[in-house]
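This report refers to the structure that appears directly beneath it.
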Amino acid sequence: MNNSSNEKIITVGRSSSRHIVINNSNVSSSHANFIINDNTVTLVDIGSTNGTYVDGKKITSKIVTRESRITFSKNYVFDWNKLEPFIKLSTGEVPVQSEERLKTRIVQEKNVINIGRTKDNDLVINNIKVSRTHARLEKKGNEWFLEDLDSSNGTFINGKRIKRECVTPYDVITIGGVPLNLERLFSNKKEISGDIQIAADNLTFRVKDKLIVDNIGLTILPGEFVGLIGPSGAGKTTLMMMMNGVIKPSQGDVLINDQSLYSNFDSFKGQIGYVPQDDIIHRELKVQESFHYTGRLRLDNNTNEEITSQVDNILDTLGLLDTRDTLIGSAEKKGISGGQRKRVNLGQELLTEPSVLFLDEPTSGLDPKTDLDVMYLLKNIAAKGKIVILTTHNITKENFEILSHLIVLTKGGKLAYFGRAEKASDYFEVEKPYELFEKLETKEPDYWKEKFRQSQEYMQYVSSRQSSKIEKQPTEVTTPTKVSADPKQYITLTSRYFRVKLRDHVSTAILLLQAPIIAGLIAIVFDEFAERTAALFILVIAAIWLGCSNAAREIVSERAIFKRERMVNLKIPSYLFSKVTVLMLLCVIQCFVLAIIVVPAIEMESSVMSMFFLLLLTSLPVLLLALLISSLVSTTEAAMGLIPLVLIPQVILGGLISTFVTMSGFEKFLAAFMTSRWSFEAMTILEYEDTFPQGITNLGFSPDNFAIDIFVILAYSVLFFLLTAYSLKRKDVS
């Protein structure tokens, strides 16, 4: 990451994502940085385990020269020649080797080269995540500049999203999730493929003192269909979640074409697909609707015709054309079959054509025939040059023959085998695949780990692949993406959410029926003038209850869908605004029903519309508070269980049960945090200001506080919105 125009940071360590890689076990994954500024080179230790030494003395930061004796961890002497190309590059001198290599590859006829998905570009990257006109390379003097052309998924240099930047032969360019460099862009090929390989680089995961995954390193190549198996507690899901970027390891890294997934998460969005065991789709949508909404969210820079074409291709590939207009449904609500729901779930990821696809138990609960159908479907996807990795408990001879490779973990997350799937039974000396688990129980986990490290399979599928890199370029930490709402995404999310609510007939009907029932009871019971204050208070509590009950389950009930879409390109403000829009529309109907029934029934002085707007305003902060609760809990039951803790204090401290005038100073302090206190005061001012001002002062309220009440209610609304957005942001990987 460049801190100034003349400063360049060169990273050093054992991890393959470093600029200078040192293959020595005593060197830390991220050991030190060289900071090059004009003709000065400063060596900085970045918290390495075994230290950095200059001329025999341990340092944290020191200016070094070619004459300095640099050692990492005392026993590794650094070769200055490894740093020389970066020094020349930083000072503007192009390394001779790189220049000569590029002269034979670079197309010099044009000074401007357009890059995109369509055939009219100078360089075509045939990937749906690449925009039609995605980026432009332009030559100025002896330098090339890369400019993003407002692409949907962005253009990245060394993991940093750019608008226009100078690019060098050493930089990694990521377009549509495909890592490239100048050499590949300037090859004589008009069309560029995006081959991807993924590697677990010494992945370790601990929870306190318990080791879940133990130092696993392996590389998976394009076109491989890999099964991940192991007994319960072997860390299968944890390993998968680390490799797809959902959780970060305690140690190690995940490399995409030798680039750190965690340091460059934004640039690889869309390249990695994840299909969890549970179906994470809206059951209230039809099959085609579900695909179209996903397409509009993830392929927002594509035309409707392109999205429709892609949806039709996926429906055809998955054998779902006959069910395109059928409700997805569930076991309780009749719709498509369980096997078809699995395919719809898979199809959501296939829309963006990910290069690496992870699946957690994709065939669980399916009959044997459907199981095989899904396995062959996944095999065909891998055959197109994709990587498919799945966990499974269905250990059969047929599945072992369909899989190309197999990862076997034993207890403690230790790697017991990685190699050809059909040879696993021979390796473990069992006749039937399912006997493999029994075999693992006969020895300690460490035995299987060491046996594999000494095996021919380890040499062939682990050691030899460590040097088989598609590309190896320096990586810098991703600059956090600016958080902002996306109008197109907001419209899509709002449309989808509105349709889901309309299709959920029973729940929506129950919510809508609450308002007329409550209003009718208020009109019947509070029919005297002396009871009007109580009626106003009950209206406030009703608006609070309606806002709270509308929203309490709305985030937690689709947390898996949110997490899946967030991994691709979902923006939190767009998501939250869509929720608020639809839920407030529901509140509009409910509050209008309350006002239009109660106001004339008990002959209020306030107009129906003024009462309606105040009730609607009352429901807003509590609706957002309920969304905040929904974002914090893990189950819908927990969300609904917390509703009384929100509602009861609103009743007690609202200013009527214990009148505000009789409250102690501490009680008034607590009441200040209740929406009901401010709404009730505003309601009494609205009703009594002109005709019965004593009705306001008798409660301890001030007739001059109406503007303050409205301001506080709106301030709480903004506060709860921001807290909800922060709560959702904390769930992110990066």
Side-chain angles (χ1 to χ4, degrees), residues 282-285 289 293 333 485 490-522 538-559 561-562 573-599 608-631 633 636 639-640 642-644 646-647 650 675-676 679 683 713-714 716-718 720-721 724-725 728:
H282 289 99
R283 308 296 182 91
E284 297 82 7
L285 298 176
E289 290 172 345
Y293 280 123
K333 188 182 294 184
Y490 161 75
I491 292 169
T492 299
L493 289 166
T494 303
S495 172
R496 183 179 70 180
Y497 186 40
F498 182 74
R499 193 177 295 251
V500 166
K501 296 299 284 185
L502 281 182
R503 294 264 175 82
D504 191 2
H505 305 299
V506 175
S507 297
T508 303
I510 290 172
L511 291 173
L512 290 174
L513 282 171
Q514 292 180 42
I517 292 172
I518 294 171
L521 288 172
I522 294 173
I538 296 300
L539 279 174
V540 169
I541 298 303
I544 289 173
W545 161 253
L546 292 171
C548 204
S549 62
N550 288 348
R553 293 168 293 186
E554 296 307 300
I555 292 179
V556 66
S557 64
E558 59 176 38
R559 61 187 304 204
I561 296 175
F562 168 82
S574 301
Y575 177 76
L576 270 184
F577 278 124
S578 73
K579 291 288 182 195
V580 174
T581 300
V582 175
L583 293 172
M584 280 303 290
L585 180 59
L586 192 58
C587 287
V588 165
I589 298 170
Q590 293 168 323
C591 292
F592 185 74
V593 169
L594 285 175
I596 203 169
I597 293 176
V598 173
V599 169
V608 170
M609 291 309 296
S610 60
M611 185 62 65
F612 157 67
F613 281 117
L614 194 50
L615 287 171
L616 184 63
L617 191 64
T618 299
S619 68
L620 177 59
V622 192
L623 182 152
L624 288 161
L625 176 59
L627 286 178
L628 173 60
I629 292 171
S630 190
S631 72
V633 298
T636 54
M640 295 309 294
L642 288 173
I643 293 304
V646 174
L647 188 63
Q650 301 278 356
T675 301
S676 57
S679 293
M683 196 80 77
I713 293 170
L714 290 174
Y716 275 131
S717 301
V718 173
F720 293 141
F721 183 93
T724 307
L728 292 173

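One is the number of the first residue; the rest follow in order along the sequence.
- Under the salt bridge (charged side-chain N to carboxylate O under 4.0 Å, His left out) criterion, R553 pairs with no residue at all, not counting sequence neighbours.
- For T675, the side chain to side chain donor-acceptor pair (under 3.5 Å) criterion is met by no residue, not counting sequence neighbours.
- Partners of S507 according to the side-chain contact (heavy atoms from CB on, under 4.5 Å) rule, which considers only residues two or more places apart in sequence or in another chain, are D504.
- Partners of F720 according to the ring-ring contact (aromatic ring centres under 6.0 Å, His included) rule, which considers only residues two or more places apart in sequence or in another chain, are Y716.
- Between L615 and F592 there is no side-chain heavy-atom pair separated by less than 4.5 Å.
- Residues satisfying the salt bridge (charged side-chain N to carboxylate O under 4.0 Å, His left out) criterion with R559, sequence neighbours excluded, are absent altogether.
- Screening residues 617-628 for salt bridge (Lys or Arg N to Asp or Glu O under 4.0 Å), with sequence neighbours left out, gives no hits.
- When the ring-ring contact (aromatic ring centres under 6.0 Å, His included) test is applied to Y293, no partner is found at least two apart in sequence or on another chain.
- Residues satisfying the salt bridge (charged side-chain N to carboxylate O under 4.0 Å, His left out) criterion with E554, sequence neighbours excluded, are K501.
- Within the structure, salt bridge (Lys or Arg N to Asp or Glu O under 4.0 Å) contacts touching residues 510-521 (residues at least two apart or in different chains) do not occur.
- Residue pairs satisfying the salt bridge (Lys or Arg N to Asp or Glu O under 4.0 Å) criterion with at least one member in residues 573-592, sequence neighbours excluded, are listed as follows: E558-K579.
- Under the side chain to side chain donor-acceptor pair (under 3.5 Å) criterion, T581 pairs with Y490, not counting sequence neighbours.
- For the side chain to side chain donor-acceptor pair (under 3.5 Å) test, residues two or more places apart in sequence or in another chain that qualify with S676 are Q650.
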